[in-house]
Amino acid sequence: MKLLVTGATGQLGALVVQHLLKKVSVDQIAVSVRDPQKALHLKEAGVDVRKGDFTEPDNLASAFQGIDRLLIISTADGDRVQQHTAAIQAAKAANVAFIAYTSVVNARESQLVLAHDHAKTEEVILTSGIPYVFLRNNWYVENEKDTILASVSGAPFLSPIGEGKVGWATRNDYAEAAANALITPLHQQEIYELSGPLRTHTELAQIVSEVNDQEIKVEQVSVESYGELLASSGVPKEVVPFVKEIQSGIRDGALAVESNDFERLLGRSLTPIQEGIRELISK
């Protein structure tokens with residue numbers, strides 16, 4: 001059985017490969033990356049490194065040749081639906097037997113601005129006829145790194161999401177879940193809603209307080225004010241509206257999805273969020 005992970009030099013993909021190396025023999029693992037030079041360490045470890053750029057569809061079919069099970073890690077930039085569609089079509093042309101795809105919680109019903117691309121991608125996979133699982137990820141605790149580090153340095157913990165709840169978990173847990181999804185021969189479900197325990201920013205800040213043994217003050221701000229603060233701190237002007245839309249969606253409950261799928265797929269309890277926060281602070 002030959003497995004392939006796309007985007008294997010990215011933050012999530014690199015962790016997925018690390019987990020696969022612990023779970024299966026190296027000759028079963030392949031990766032596709034835009035720049036193979038950045039994956040020399042994987043090649044030296046015995047991983048089959050292939051060039052695969054989602055913006056260059058012609059090379060994807062050869063990148064996926066001989067692959068039985070494929071993990072498509074969603075791309076970050078550009079026309080994601082077009083890129084994902086190219087990968088799915090290439091997978092079909094290469095007779096890939098199974099696709100796992102990193103989506104977002106409640107993708108086809110969510111009003112979160114991120115959900116549209118994921119919902120469209122899920123539709124393309126469904127239409128392809130290739131057996132699949134959708135890994136509907138909630139939020140990495142690492143997404144809060146800047147806010148957490150600012151707060152332990154004495155700044156207020158700024159929260160534009162009000163009482164909105166989030167299922168934070170560590171990126172490493174999401175990566176191991178993806179690795180497990182790829183190597184599991186038979187899944188009893190086709191959609192995994194991967195959410196940690198639901199918490200507000202106030203609850204997350206309280207955990208930061210306990211981890212770092214200091215009082216963290218939460219300052220509730222409007223989404224509009226948050227956008228102005230981002231712009232004044234140097235965040236590119238074209239990025240600010242997108243971030244504001246995400247925060248608005250979280251505020252309205254888009255990430256408040258409860259499920260025990262995460263622990264079922266991991267086969268263990270989630271890493272305590274305290275450990276993830278402690279690691280962020282110590283780096």
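In this text, all values refer to a predicted model and were calculated from it rather than measured experimentally. Note that these values count all heavy atoms, side chains included, but never hydrogens, waters or copies made by symmetry.
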Check: Tyr132 ring centroid to His187 ring centroid under 6.0 Å: no
Establish, from distance only, whether the side-chain atoms of Gln214 and Asn212 form a donor-acceptor pair under 3.5 Å. yes
So, does Ser74 use its side chain to make a donor-acceptor pair with the main chain of Ser103 at under 3.5 Å? no
Sub-3.5 Å donor-acceptor pair from the side chain of Asp68 to the main-chain atoms of Lys2, do we have one? yes
To the nearest 0.5 Å, tell me how far Lys23 NZ sits from Leu21 CG. 11.5 Å
CG on Asp35 to CG on Leu40, rounded to 0.5 Å: 8.5 Å
Look up atom CG in Asn143 and atom CH2 in Trp168, then write down how far apart they are to the nearest 0.5 Å. 10.0 Å
Provide the full list of side chain to side chain donor-acceptor pair (under 3.5 Å) pairs with a residue in residues 226-246, sequence neighbours left out, each pair given once. Glu224-Lys244
What's the verdict on side chain to side chain donor-acceptor pair (under 3.5 Å) for Ser209 and Glu215, showing C-alpha distance, side-chain angles and the deciding distance? CA-CA 5 Å; Ser209 298; Glu215 182 182 2; over 6 Å; no
Aromatic ring pairing His84/Phe54, orientation class (parallel under 30°, perpendicular over 60°, tilted between): perpendicular
Side chains of Asp53 and Thr55: donor-acceptor distance under 3.5 Å anywhere? yes
Check: Thr271 main-chain N/O paired with Asp173 side-chain donor or acceptor under 3.5 Å: yes
